[in-house]
Amino acid sequence: MTFSDVVETIKNLSTDEKQELQMLLKQYLREERREEMYQNFKSAQVEQQKGELEFSANINELRIMIEE
């Protein structure tokens, strides 16, 4: 099934079904974002344990870190 097939199928749903689908999609996106944040957290923990994380409160140092 292609993306355009999905779009066409959605067009044929009732308003209630479209609203339910919208709610589900928002929920799925929240869950995916939450999982992404958790994985980033776990990755940062590993980097911290290896001593690879650098911290600074100096804005100029932070800019340099971002550019590297």
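Atom set for the values below is all heavy atoms of this structure, side chains included, hydrogens, waters and symmetry mates excluded. Count residues from 1 along the sequence.
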Passes side-chain contact (heavy atoms from CB on, under 4.5 Å), Val6 versus Ile10? Steps please.
CA-CA 6 Å; Val6 172; Ile10 291 170; 3.8 Å; yes
side-chain hydrogen bond (donor to acceptor under 3.5 Å, both in side chains), that's the test. Do Asp5 and Thr2 meet it? Break it down for me.
CA-CA 5 Å; Asp5 292 336; Thr2 66; 3.1 Å; yes
Pairing residues for Glu8 by the side chain to side chain contact (heavy atoms under 4.5 Å, CB included) criterion, not counting sequence neighbours
Lys11
Between CD1 on residue Ile64 and CD on residue Glu61, distance to nearest 0.5 Å:
7.0 Å
Point-to-point distance, once rounded to the nearest 0.5 Å, from NZ of Lys42 to CG of Asn40
12.5 Å
I'd like to check the side chain to side chain contact (heavy atoms under 4.5 Å, CB included) partners of Ser43; sequence neighbours left out, ordered by chain and number.
Glu47
Got a second to check how far Asn58's CG is from Arg63's CZ, nearest 0.5 Å?
9.5 Å
Would you check if Met1 and Thr9 make a side-chain contact, meaning some heavy-atom pair closer than 4.5 Å?
yes
Show the atom names and distances, to 0.1 Å, of all donor-acceptor pairs under 3.5 Å that link a side chain in residues 22-32 to residues at least two apart or in another chain.
| from | atom 1 | to | atom 2 | distance (Å) |
| --- | --- | --- | --- | --- |
| Gln27 | NE2 | Glu31 | OE2 | 3.1 |

Will you find, in the side chains of Gln39 and Glu35, an N or O donor that is under 3.5 Å from an N or O acceptor?
yes
